[in-house]
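Encoded as C-alpha cells, the structure appears first; notes follow it.
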Amino acid sequence: MNPFSSGTRLRDMIRAIRACKTAAEERAVVRKECASIRAAVSDNDNDYRHRNLAKLMFIHMLGYPTHFGQMECLKLIAAPGFPEKRIGYLGLMLLLDERQEVLMLVTNSLKQDLNHTNQYIVGLALCALGNISSAEMARDLAPEVERLLQFRDPNVRKKAALCSIRIIKKVPDLAENFVNPVASLLKEKHHGVLLTAIQLCADLCIVSEEALEYFRKKCTEGIVKVLKDAVNSPYAPEYDISGISDPFLQIRLLRILRILGHGDADASDFMNDVLAQVATKTESNKNAGNAILYECVETIMSIEDSGGLRVLAINILGRFLSNRDNNIRYVALNMLMKAISIDGQAVQRHRATILECVKDSDASIRKRALELVYLLVNENNVKPLTKELIDYLVVSDQDFKGDLTAKICSIVEKLSPEKIWYIDQMLKVLCEAGNYVKDEVWHALIVVITNSSNLHGYTVRSLYRAIQTSCDQEAVVRVAVWCIGEYGDLLVNNVGMLDIEEPITVTESDAIDVIEAAIKQHTSDLTTRAMCLMALLKLSSRFPSSSQRIKDIVNQSKGSLLLELQQRSIEFDSIIGKHQNLRSALVERMPVLDEASYSGRRGGSGVSTSGINNIPNGVVKIVDAPLVDLLDLGVDEPTHPHPHPHPPPPNSSSGANFLHDLLGVGADISSSSPQSGGRNTMHGHKSGTDVLLDLLSSGSPPAPAPAPAPATQKSSSTSDLLSLTQLNNNNNNNNNNNNNNNNKASPSPFSALDTLSSSLPTPGASPMMDLLDGFGPNPTTPPPPTPKEEENGRTYPPIVAFESGALSLTFNLSKQPGSPQITLIEAKFTNKSSQLYTDFVFQAAVPKFLQLHLEPASSNTLPGNASGSITQKLRVTNNQHGKKSVVMRIRISYKLNNKDMLEEGQISNFPRDL
C-alpha cells in the first residue's frame with residue numbers, strides 16, 4: 001500500500017516519521033500525509049475516515065496544524081457505531097476547545113448520545129462534555145447530566161459527577177439543581193463515585209452559601225461515618241496502599257470536613273472524635289500515612305476546635321520535623337508558621353527541633369525554619385534563642401549569613417531586655433558578619449550607645465578589642481572608629497569600668513594607631529575613611545599632646561582622588577592648625593540622640609536627634625546644638641533702619657536658624673530705584689542652609705580676596721533674589737549626588753561638624769574660603785587703621801565688583817570719619833554695548849551682621865558704548881567689624897529691546913578690614 005495513501009495505518013505513518021533523520025525530512029513526511037488526508041476529506045472517504053482522524057491527532061501532538069480535520073470529528077461522532085464515536089470524541093477533545101464555534105454543531109449529537117441506551121457511548125459523551133463544555137453547552141445539557149447522576153452504572157455516575165463539576169464552574173447559577181442529587185451520591189459504597197461526589201460537594205459549597213448550609217446540616221454526619229468506616233475498614237486489596245485503606249478517599253473526606261467545620265462550632269464538635277481517631281491510628285512510616293496526617297492537621301487547624309486536638313496536631317508536625325524526607329519537613333514548617341498564631345505555646349515546645357532545622361543542609365528548609373524561629377522569639381526566650389543563632393552564625397554558609405544576620409539583628413533590636421545585652425549581641429554579630437549588616441543596623445547601635453552614658457567606657461573598650469580581631473568587617477570598623485573618636489579619653493583612662501570587665505591598657509598612640517590603620521586599609525570605602533578623618537579631628541581635642549601626629553595623618557588625604565576626603569582633610573587641617581581656641585567646642589561629644597524615633601529602633605522613619613534632623617532633598621537641619629552657646633552667638637533679629645521695612649519673619653529655634661547662629665550670617669535684601677522715591681525695601685533672612693550655600697559660593701567658588709577681580713556671577717531670567725531656594729537645592733543635590741556615587745549609605749548619626757563639613761564647597765583651584773575666619777586670630781588679617789585714618793576717613797582703591805558681558809559694576813569704597821564700622825560705597829554701572837538699557841534696577845542682599853542702606857540711583861536708563869553711566873550710593877554697617885568681612889549678593893534687572901533681562905552675582909572681593 002502506498003505509505004501516503006488515505007488507507008495507510010497509523011503505525012506505518014509513525015514508522016515513517018521516526019525514520020526521518022532531520023526535521024526537514026519529518027516536515028516533508030507530515031506534508032505528504034496531510035495532503036493525502038485532505039484528498040480523502042474532499043472525496044468523502046467513509047471507509048478510512050477513522051484512520052485519517054487518528055493520523056491527524058498524532059500530527060496535532062507533534063505540533064503541526066490540523067484544523068482542516070475538525071469537521072471529520074463531527075462526522076465520526078454522528079456515526080452509529082461505537083468505534084467511530086470513540087475516535088470522533090477523542091479527536092473532538094484533542095483538536096477542539098470551548099472557544100471553537102464549530103462546537104455549536106456538536107451539541108445535538110452530545111444530547112442524543114447522553115440519552116443513548118449504550119452506557120459506553122453515554123460515557124464517551126460525558127467525557128467530551130466534561131473536557132470541552134462551554135457555558136452555552138452547559139446550560140443546554142445540564143438536565144441530561146443531572147439525570148445521569150442517578151444512572152444504574154457506577155462508572156456513568158462517576159463521569160456524570162465530574163461533568164457536573166465543569167457545569168457549575170461554567171454556570172454557577174445551576175448549582176442548586178445539583179444539591180439533592182449530590183447528597184444521595186454521598187451514600188454510595190463505590191469509592192470512585194464517592195471521590196467524585198465529595199469533590200462536587202466541595203465545589204458546590206464554594207459556589208453557593210445555601211449549598212454549604214444544606215450540607216452542614218444534612219450531610220456532616222454521613223461524611224463523618226464514611227471517614228470512620230474508611231479508617232476502621234478491614235483489608236481490601238482493591239483499595240489498599242501501603243497498608244492504608246484508600247488514602248485518596250480519606251484525604252478527600254478530610255478536605256470536605258475542613259470546609260464544613262470552618263466557622264461552625266456544631267459541625268466542628270461533631271467531627272472531633274473522628275479527627276482524633278485519624279490522628280492517632282494512622283501510621284506515619286509511609287508516605288500515604290503522612291499525607292493523611294497532614295490533611296488531618298490542616299483540618300484541625302481550620303475548624304472550630306478545642307485546644308487539646310490542636311496540641312495533638314502540632315505534635316504531629318513536630319514528628320514531621322524529625323523525618324528524613326525534606327518535603328515532609330518543609331510542609332511541617334509551613335504549617336507551624338500558620339499554627340503559631342493559633343497556639344504559640346504548643347509550637348514553643350518544639351523549639352529545639354526547629355532550631356536544628358535552621359542548620360539543615362537544604363537551603364529552603366533553613367530559610368523557612370529561620371522565619372519560624374523569628375516568629376517564636378518573645379521576651380522570655382530571646383536570650384537563649386539569640387545565643388543559638390549567633391553560635392550558628394559562626395559556622396553558617398556564606399550564602400546564608402545575610403539572611404541569618406538580618407533576622408538576628410531584627411530580634412535583638414526588637415526584644416532586647418537591656419542595653420548592655422543589646423550592645424554585646426550586636427558586637428558579636430558585627431564581628432562575625434559585619435559585612436552583611438545593613439547601614440541602618442550599625443546606625444541604630446550608635447544611637448543606643450549615645451543613650452547609654454554609663455556604658456560609654458565599656459562600649460569603647462569592647463569595640464577596641466573587637467577591631468583588633470575583626471578589622472576586615474566594615475561595620476565593626478565604622479562603629480569602633482566612631483566610638484573611639486567620641487570616647488577616646490574614656491578608653492585611655494579606663495573610665496567607667498564595670499565589674500564584668502578586665503582592665504585594659506591603651507595609650508593615646510594606640511587609639512590613633514587603630515584609626516590610622518583603618519583609614520589605610522585597602523578595603524575601607526569612602527564612608528569609613530571619612531569617619532576616620534572625623535574621629536582624628538575629635539581626638540586632636542581629646543589628645544592635645546598628639547595633635548601634630550593627627551595633623552600629619554589628616555594631611556595625607558589632601559591629595560586623595562576622592563573629593564570628599566580631600567575636602568575634609570583640608571578643612572580639618574585648618575581647624576587643627578588655625579583654630580585651637582574653637583576646636584574643643586566644635587568637636588565636643590555628640591548630644592544624646594533620640595532613640596525612639598530612629599528607624600532602626602521601634603520602626604521609626606529616620607534619625608531625629610537633638611543635634612541632627614534628616615529632611616528631604618538632602619538638606620541637613622541642625623537644631624538646638626550646644627555650639628550656639630559655646631560660640632556665644634545669639635539669635636538676633638536684624639535691625640531695620642529704613643522707614644518702611646517689611647515685618648521680619650518669626651524667630652524659629654529649630655531647623656536652619658542654627659547655621660545663622662554658627663556663622664553669624666543672615667540675609668537682608670535692599671533694593672532702590674528712581675521709581676521708589678528713595679524708599680528702601682528690606683526682607684527678612686532666609687534659611688541658614690541657603691545663606692551658607694550663598695555666602696560660601698557652593699557650586700561657584702569665590703575669587704581670591706587680595707586680587708580685585710570680578711566675582712562669580714549667575715545669570716537667570718526667572719530666579720528671584722528674594723527666593724534662592726532653587727539654587728540651593730541644586731547645589732545640595734549636586735553635593736548629594738557626588739557623595740552617593742561614592743557611598744550609597746543611609747543617613748548616619750555623625751556629629752554636627754561632620755554634617756556641616758559635607759555641605760561645604762569642594763576645594764578648587766582658587767584658595768578656599770575658611771569656614772571659621774573671624775572666630776580666631778588670623779595672621780593674614782590686615783593691620784587696623786591708624787588714628788589719622790579713622791579721623792579723616794579711610795579710602796580704598798576701586799574694585800570691579802561685577803562684570804557680565806557688556807555690563808560692568810565698579811565700587812569706590814571709603815570709610816565714614818570716626819565710624820570704622822560704616823563703609824560708604826559709590827556704585828558705578830557702565831554699559832559697553834551699543835544697546836540702550838532701560839528700567840534699570842539694582843538690588844543687594846547682605847548677611848544679618850551687616851546693615852545696608854541704598855540711596856536712589858542717578859537714573860534708570862543706562863546708555864550704550866560706555867557713553868554714560870549710572871551711579872548709586874550705598875552705606876554698609878558691619879556690626880562685627882574686625883571679625884567678619886563684607887559679602888554681598890546682587891541682582892540687576894533691566895530691559896533690552898523691551899525684553900526683561902536679569903543678572904545675579906556675589907561680591908566676595910571686598911577688602912578684609914571693611
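- With salt bridges taken as basic N to acidic carboxylate O contacts below 4.0 Å, one links K387 and D391.
- At distances below 3.5 Å, not a single donor-acceptor pair connects side-chain atoms of D240 with backbone N or O atoms of D246.
- No option in L185, T196, L149 other than L185 meets the side chain to side chain contact (heavy atoms under 4.5 Å, CB included) test with R157.
- Taking the centre and axis of the six-membered ring of F400, the NZ or CZ atom of K359 falls outside the cone set by 45° and 6.0 Å.
- Shown here is E283, whose CD atom has no more than 12 heavy atoms of other residues, nucleotides or ligands within 6.0 Å.
- If you check the side chains of E298 and Y294, you find a donor sitting under 3.5 Å from an acceptor.
- When the shell of 6.0 Å around CD of Q348 is examined, it contains more than 12 heavy atoms from other residues, nucleotides or ligands.
- Of the possible donor and acceptor atoms, none in the side chain of T528 sits under 3.5 Å from a partner among the backbone N and O of S524.
- Using the six-membered ring where Trp is involved, Y239 and H191 have ring planes that are parallel, under 30° apart on the 30 and 60° scheme.
- Side-chain contact of K401 with N435: a donor-acceptor pair under 3.5 Å is absent, judged by distance alone.
- A donor and an acceptor atom, one from each side chain of Y436 and Q398, are located under 3.5 Å apart.
- S410 and Y374 form a side-chain donor-acceptor contact under 3.5 Å, judged by distance and modelled atom types alone.
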### Query
Going through the distances and angles, do T405 and L393 end up as a side-chain contact (heavy atoms from CB on, under 4.5 Å)?
CA-CA 7 Å; T405 300; L393 180 63; 3.6 Å; yes

### Task
Please report the C-alpha distance between D472 and Q521 in whole Å, then the side-chain angles of each, then the deciding distance to 0.1 Å, and finally whether the side-chain hydrogen bond (donor to acceptor under 3.5 Å, both in side chains) criterion is met.
CA-CA 9 Å; D472 58 331; Q521 183 81 10; over 6 Å; no

